[in-house]
Amino acid sequence: MSDPAILNWRRIDARLTTSGQPDLAGLAALRDLGVRHVINLGPHDHERALPDEPGALAALGIGYTHIPVPFDAPSDDHYADFCAAMAAHDAVPVHVHCILNARVTAFLTRHRRETLGMTAQAARAPMDSVWQPGGVWARFVGDAHNIDAPHRYAGRDYPVPVSLNF
């Protein structure tokens, strides 16, 4: 099966994929890829969110964890909930999404560095393919030098890396 047509979809490894908000067809495509659990970091009240994502996933036989992370206020508590959800579902294919795959790639950067022990460069490769955060998100991922910088988005503010090793 080819990659699903979901905004900013990324395959991280054989078990983990990430993206922006999938539509109903995207959720079915995830099921067809073998995904058995979805973790959503986006708010249910966002204009791009699905009206009943938990119900749609249940109908597809996919488990669901919702950790709504305000874009202007990611916290260590959100991160702890994310780590717990990742650990609870480490034996099945998981898809993690938010609205644009910005929240997710930031959380994944910390998780890959702090929990999986990857180098900073390797840990952040998926994030760099989507965005380079400033402000609270730079602080969240430990990029002190970018706290006063604006967010930059791949393909818009800087070139997308040609070859990513993730």
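The structure displayed is predicted, hence computed values, not measured ones. Position 1 is the first residue of the sequence; numbering continues from there.
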Does the Arg112 side chain pair with the main chain of Ala122, one donor and one acceptor, at a distance under 3.5 Å?
yes
Report the residues that fulfil side-chain hydrogen bond (donor to acceptor under 3.5 Å, both in side chains) with Arg110, sequence neighbours left out, ordered by chain and then residue number.
Asp76, Glu114
Evaluate the side-chain proximity of Asp143 to Arg124: yes if any heavy-atom separation is below 4.5 Å, no if none is.
yes
His46 versus Cys98: any side-chain heavy-atom pair under 4.5 Å?
no
Worked verdict on Arg103 versus Phe140 for side chain to side chain contact (heavy atoms under 4.5 Å, CB included):
CA-CA 10 Å; Arg103 289 172 181 91; Phe140 181 81; over 6 Å; no
Return the minimal non-hydrogen interatomic distance between Thr17 and Trp9, and the atom names on each side.
CG2-CZ2, 3.5 Å
Measuring from atom OG1 of Thr115 to atom CE of Met86, what distance do you get when rounded to the nearest 0.5 angstrom?
9.0 Å
Beyond-backbone contact of Tyr153 with Asn8, side-chain heavy atoms, under 4.5 angstrom
no
Which residues pass the side-chain contact (heavy atoms from CB on, under 4.5 Å) test with Asp81, sequence neighbours left out?
Ile67
Backbone N or O of Pro74 within a donor-acceptor pair of the Trp137 side chain at under 3.5 Å?
no
Begin with the C-alpha distance, continue with both residues' side-chain angles, and end with the deciding distance and a verdict on side chain to side chain contact (heavy atoms under 4.5 Å, CB included) for Val141 and Met127.
CA-CA 10 Å; Val141 298; Met127 184 176 70; 4.1 Å; yes
Write out all pairs satisfying salt bridge (Lys or Arg N to Asp or Glu O under 4.0 Å) with one or both partners inside residues 15-28, taking only residues at least two apart or from two chains.
none
Under the salt bridge (charged side-chain N to carboxylate O under 4.0 Å, His left out) rule, collect the residues that match up with Arg113, sequence neighbours excluded.
none
Side chain to side chain contact (heavy atoms under 4.5 Å, CB included) between Leu27 and Arg31, intermediate numbers included:
CA-CA 6 Å; Leu27 295 180; Arg31 178 207 53 213; over 6 Å; no
For Leu7, the other hydrophobic cluster members (4.5 Å side-chain criterion, sorted by chain and number) are Ile99, Leu100
Taking every non-hydrogen atom, the tightest pair across Val35 and Val94:
CG1-C, 4.4 Å
Would you say the side chain of Pro126 lies within less than 4.5 Å of the side chain of Thr18, judging by non-hydrogen atoms?
no
Could you go through residues 50-60 and list every donor-acceptor pair under 3.5 Å that involves a side-chain atom there, pairing it with any protein atom two or more places apart or in another chain?
| from | atom 1 | to | atom 2 | distance (Å) |
| --- | --- | --- | --- | --- |
| Asp52 | OD1 | Gly55 | N | 3.0 |
| Glu53 | OE1 | Gln21 | NE2 | 3.2 |
| Glu53 | OE1 | Asn40 | ND2 | 3.4 |
| Glu53 | OE1 | His97 | NE2 | 3.3 |
| Glu53 | OE2 | His97 | NE2 | 2.5 |

Short question: side chain of Asp13, backbone of Leu16 - any donor-acceptor pair under 3.5 Å?
yes
Applying side-chain hydrogen bond (donor to acceptor under 3.5 Å, both in side chains), name anything that partners Thr105, two or more places apart in sequence or on another chain.
Trp131
Which residues pass the ring pair (Phe, Tyr, Trp, His ring centres under 6.0 Å) test with Tyr79, sequence neighbours left out?
none
Looking only at heavy atoms, which two atoms of Ala138 and Pro133 are closest? And how far apart?
CB-O, 3.5 Å
I'd like to check the side-chain hydrogen bond (donor to acceptor under 3.5 Å, both in side chains) partners of His151; sequence neighbours left out, ordered by chain and number.
none
Sequence neighbours left out, what passes side-chain contact (heavy atoms from CB on, under 4.5 Å) with Pro68? Give chain and number order.
His66
My understanding is that only residues two or more places apart in sequence, or in another chain, count here; which of them pass salt bridge (charged side-chain N to carboxylate O under 4.0 Å, His left out) with Asp45?
none
As a quick check of understanding, evaluate side chain to side chain contact (heavy atoms under 4.5 Å, CB included) for Thr65 and His37, giving each step before the final call.
CA-CA 8 Å; Thr65 300; His37 197 84; 2.7 Å; yes
Taking the side chain from Arg10 and the backbone from Ser129, do they hold a donor-acceptor pair closer than 3.5 Å?
yes
Check ring pair (Phe, Tyr, Trp, His ring centres under 6.0 Å) between His111 and all other residues, then give those that pass, not counting sequence neighbours.
Phe82
Mind checking whether Leu33 and Pro4 have side chains closer than 4.5 Å, heavy atoms only?
yes
